[in-house]
Amino acid sequence: MKTVTLKINGLEVSAREGASVLDAARAAGFDIPTLCSHEELEPAGVCRFCMVEITRGTKSRLVASCVYPVENGLEVQTESDRVKKIRRMLIELLLPVAPSGPIGALAKRYGVEKSRFELDNPGQAPANCSLCGLCVRYCEQIGGGDAVGFLGRGVSRKVALMPDKGDECVFCRKCYSICNSGRFVEMAEVFPDQP
Ligand code: FES
């Protein structure tokens, strides 16, 4: 197995060639927040919470660590000011729709007390779905169907058991347990006949 050597938060780390920066950082004990990463699924780079700052020579930039492969000589910062700023912005964007669960925990971690954004209809109860898409991708990649999907756009976007795809559901129920926010059960009645 070929390995590469990089520095993460100043610590020299060896990682398997082809591994993601996220996996290398976690193996070295660094805690990078993620919403859309799951060991059973292909990385998708959707939520952007795993952003880290990488430096090569004099140039640095932000990348999604779950889809960025390790490279020899790369320097990585997992909690730089730029990284924290983008994570705070992501938290603010999601806080109105998902104030509890993982977003609430991240808000505490990054000191975000309130969001400058609000729901279209402020009287509406927040769905508490962070739109990470784990349930959708699990159904598609492992369940082998499209029974779970996204409906709507923008602030109206939501995850749902697709009413016309009920026959593609194999009742594995993984969409319930894989849910970051634990709210999936609220949509169960879409398939009234499930066992
Ligand atoms: Fe990398 Fe979501 S975990 S983008």
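Note that the structure is a prediction, hence the values are computed from the model and not measured. Order of listing sets the numbers, starting from 1, for every ligand and every atom in it.
- Taking a cutoff of 4.0 Å between a charged side-chain nitrogen and a carboxylate oxygen, Glu75 and Arg56 do not qualify as a salt bridge.
- Looking only at side-chain heavy atoms (C-beta outward), Val159 and Cys135 come within less than 4.5 Å of each other.
- Arg82 has a carboxylate O that lies under 4.0 Å from a charged side-chain N of Glu53, or vice versa, which qualifies the two as a salt bridge.
- When only modelled atom types and interatomic distance are considered, Tyr110 and Arg87 share a side-chain donor-acceptor pair under 3.5 Å.
- Neighbouring protein atoms of atom 1 (Fe) of ligand 1 (N, O or S, distance under 2.8 Å, waters ignored): Cys50 SG, Cys66 SG.
- In this structure, Ser115 and Pro96 have side chains that are in contact, with non-hydrogen atoms separated by less than 4.5 Å.
- Between the side chains of Thr78 and Asn9, at least one donor N or O sits under 3.5 Å from an acceptor N or O.
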